[in-house]
Amino acid sequence: LEYDSPNEQPYEWSLGALDLFVLTASRAGDIEDVRRGSGYRESLADQEQIFTKLDFYVTCIRQDHPGVDELSPRNKATLVARYLKAREWTGMRDGRDYHNVEHNFLGVALYGERHSSLPLITVIIYCYVARGLGLRAAPCSFPMHVHALVRPPRGYDLDGDLLDADGEDPAMYMDPFHSDEEVPLSSLKEQLRLISPQFTDAEVEGFLLESNARDITLRCARNIFNSQRSMEAPLEDVDKYNAMYGAAWAFVLVFKRIGLQPLEHVALLMRLFLENSTHDVGLIEKYILPLCAGIPDYNQYLNQCRDIRRSDEVKWQGRDRSGKNAVIKYKVGQVFQHKRYDYIAAITGWDSECSSSEMWIRQMGIDRLPKGRQQPFYHVL
């Protein structure tokens with residue numbers, strides 16, 4: 001997440017990593033689906049097999065507009081916004097809940113049936129396609145609503161004319177979520193003054209610069225948290241637990257790189273980990289526990305990880321289950337798909353009631369289940 005040039009910023013990689021938490025076996029959207037593939041082909045017939053989705057968008061524009069490379073940078077920038085909007089590959093469909101958490105995920109926007117995306121995701125898609133057509137494009141740090149900062153190839157102005165050797169590097173701003181028209185710089189500065197009259201000139205200029213991948217990732221994670229609070233419609237393509245879990249990982253790991261310890265995010269991550277992702281104990285031990293050294297909850301987190309390790313090491317002894325088979329609905333060896341979390345697993349064992357440690361039962365909230373601990377529990381792989 002530390003790159004100097006905006007054109008080298010791994011926006012798609014860092015945001016695509018969040019999709020890995022919400023992918024299901026039946027849905028595309030992995031990082032390799034999102035990011036650049038091994039090369040281009042001229043025919044669109046093999047689009048899904050050969051291109052990643054973002055490269056496919058670039059190729060569609062080139063095929064539908066053969067003279068795109070002859071356009072001025074300004075006209076090319078507006079063409080990209082107009083094309084993506086016309087195809088309904090970005091933005092929000094009518095009737096969609098703006099705050100639905102799935103709109104925060106790049107892979108869902110690219111591969112979902114509706115292609116709905118919030119401004120941040122829309123701008124990431126727009127900037128990738130613009131770069132694929134020779135422009136320099138990156139999200140800018142504008143507060144509350146993400147815009148795209150677009151520059152022409154080095155040495156040229158926005159009309160495609162050569163710059164003087166000492167000429168200032170020109171730039172334009174786009175809001176592809178709302179429009180395919182250029183946003184005047186004066187309008188953006190006026191909006192910033194309305195947001196806070198106390199902004200200094202330096203702060204105003206800072207909001208109009210390119211964002212880096214670290215800040216964009218944090219902004220997307222924050223949007224995911226906010227979506228959980230504001231969302232009105234039920235979830236459709238994304239599981240709420242997994243979305244929060246991914247956002248918590250993003251917050252903790254990204255803050256780590258800038259020397260901060262967001263204890264509330266560590267606490268949230270540990271809670272979600274203990275509730276349903278104890279298989280990630282190795283990752284927690286490697287990346288999270290070192291951040292917690294010296295904080296009040298460190299020993300608690302350490303002991304929780306040790307309990308999970310000890311539970312994994314227990315050698316199950318044969319037990320007499322006479323008379324208990326009647327309560328068992330599923331058999332060892334059966335393969336199933338989980339209704340809530342969508343994972344596919346095989347049953348490797350069962351208990352007629354919960355036999356885990358008292359600490360694990362409390363941490364997992366077993367007693368809050370409809371039948372509590374007095375019901376069958378299955379071991380799965």
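Owing to the predicted nature of the structure, the values given are computational and were not obtained by experimental measurement. Quick note: numbers below take in every heavy atom, side chains included, and nothing from hydrogens, waters or symmetry partners.
Follow the hydrophobic side-chain contacts under 4.5 Å out from Met172 and you reach Val68 in the same cluster. Note on Leu71 and Leu158: same hydrophobic cluster, where clusters join Ile, Leu, Val, Met, Phe, Trp and Tyr whose side-chain heavy atoms are under 4.5 Å apart, directly or indirectly. Leu209 and Val123 fall into different hydrophobic clusters, defined by Ile, Leu, Val, Met, Phe, Trp and Tyr side-chain heavy atoms under 4.5 Å apart, directly or through other members. Met144 and Leu208 fall within a single hydrophobic cluster, where Ile, Leu, Val, Met, Phe, Trp and Tyr are joined by side-chain heavy atoms under 4.5 Å apart, directly or via other members. Val146 and Leu84 end up in the same hydrophobic cluster when Ile, Leu, Val, Met, Phe, Trp and Tyr side chains are linked at under 4.5 Å.
In this structure, the side chains of Asn303 and Gln300 stay at 4.5 Å or more apart for every pair of heavy atoms. Considering only heavy atoms from C-beta on, Ile125 comes within 4.5 Å of Ile121 through its side chain. Considering only heavy atoms from C-beta on, Pro143 comes within 4.5 Å of Leu192 through its side chain. In this structure the side chain of Cys354 reaches within 4.5 angstrom of the side chain of Phe377, judged on heavy atoms. Side-chain contact between Lys331 and Ile347: absent, with no pair of heavy atoms (C-beta onward) separated by less than 4.5 Å. The shortest side-chain heavy-atom distance between Lys85 and Asp180 does not fall under the 4.5 Å cut-off. When side chains are defined from C-beta on, Asn100 does not count as touching Arg114, because their heavy atoms never get closer than 4.5 Å. A 4.5 Å side-chain heavy-atom check between Leu118 and Met92 finds at least one atom pair inside the cut-off.
In this structure a side-chain-to-backbone donor-acceptor pair under 3.5 Å is missing from Ser311 to Asp307. A distance-only check finds a donor-acceptor pair linking the side chain of Arg136 to the backbone of Pro152 [under 3.5 Å]. Panel note: side chain Lys76, backbone Leu133; a donor-acceptor pair is recorded below 3.5 Å. Within the 3.5 Å criterion, the main-chain N or O of Asp55 finds a donor-acceptor partner in the side chain of Thr59.
Residue Leu381 places its CG atom among 12 or fewer non-hydrogen atoms of other residues, nucleotides or ligands, all under 6.0 Å distant. Counting heavy atoms of neighbouring residues, nucleotides and ligands inside a 6.0 Å radius, atom CZ of Phe336 exceeds 12 of them.
Counting all heavy atoms, side chain and backbone alike, Leu163 lies closest to Glu168 at CD1-O, 3.9 Å. Scanning both residues, Cys220 and Leu120, for their nearest heavy atoms gives N-CD1, 3.9 Å. Residue Asp19 comes nearest to Gly107 through the heavy atom pair OD2-N, 2.8 Å, listed as atom of the first residue, atom of the second, then distance. In terms of heavy atoms, Ala81 sits closest to Pro176 at CB-CB, 4.3 Å. Between Leu110 and His115, the shortest heavy-atom contact is O-CE1, 3.0 Å. The minimum heavy-atom distance linking Phe105 with Ala243 is given by the pair CZ-CB, 3.8 Å.
Under the side-chain hydrogen bond (donor to acceptor under 3.5 Å, both in side chains) criterion, Ser141 pairs with Ser211, sequence neighbours left out.
For Ser117 and Thr90, the side-chain atoms include no donor-acceptor pair closer than 3.5 Å. For the residue pair Tyr245/Asn276, the side-chain donor-acceptor check at 3.5 Å is not satisfied. Between the side chains of Ser187 and Tyr173, no donor-acceptor pair is found at a separation under 3.5 Å. Using a 3.5 Å distance cut-off with no hydrogens or angles, the side chains of Asp351 and His379 do pair a donor with an acceptor.
Salt-bridge check for Arg151 with Glu210: passed, with a basic side-chain N closer than 4.0 Å to an acidic carboxylate O. The pair Arg74-Asp157 does not count as a salt bridge, with every side-chain nitrogen at least 4.0 angstrom from each carboxylate oxygen.
Distance CZ/Arg271 to CZ/Phe273: 13.5 Å, rounded to 0.5 Å. To the nearest 0.5 angstrom, Leu253 atom CG is 12.0 Å from Phe251 atom CZ. Distance check, rounded to the nearest 0.5 Å: OH of Tyr128 to CG of Leu106 gives 10.5 Å. In this structure, CG in Asp215 is found 4.0 Å from CG in Asn212, a value given to the nearest 0.5 Å. Distance check: Tyr126 OH to Phe177 CZ gives 15.5 Å after rounding to the nearest 0.5 Å. The structure places CD1 of Ile195 at 11.0 Å from NE2 of His145, a figure rounded to the nearest 0.5 Å.
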*asked:* Please evaluate residues Arg154 and Tyr156 with respect to the criterion side-chain contact (heavy atoms from CB on, under 4.5 Å), reporting the C-alpha separation (whole Å), side-chain torsions for both, the decisive distance (0.1 Å), and the verdict.
replied: CA-CA 6 Å; Arg154 295 191 184 279; Tyr156 292 87; over 6 Å; no
_Between Tyr83 and Val80, is the side-chain contact (heavy atoms from CB on, under 4.5 Å) condition met? List the steps._
CA-CA 5 Å; Tyr83 190 91; Val80 172; 5.9 Å; no
*Check against side-chain contact (heavy atoms from CB on, under 4.5 Å), Tyr287 and Trp249*: CA-CA 10 Å; Tyr287 295 106; Trp249 269 102; 4.2 Å; yes
_Go through it in stages, so that I can follow the logic: the residues are Gln374 and Glu353, the test is side-chain contact (heavy atoms from CB on, under 4.5 Å), and I'd like the CA-CA distance, side-chain angles, deciding distance and then a yes or no._
CA-CA 5 Å; Gln374 306 301 320; Glu353 60 187 36; 2.9 Å; yes
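Below 30°, between 30° and 60°, or above 60°: for Tyr57 and Trp89 the angle between ring planes is below 30°, a parallel geometry.
Sorted by first and then second residue, the salt bridge (Lys or Arg N to Asp or Glu O under 4.0 Å) pairs involving residues 183-203 (not counting sequence neighbours) are Lys189-Glu205, Arg193-Asp201.
Other residues sharing the hydrophobic cluster of Leu194, ordered by chain and number and joined by side-chain separations under 4.5 Å: none, the residue standing alone.
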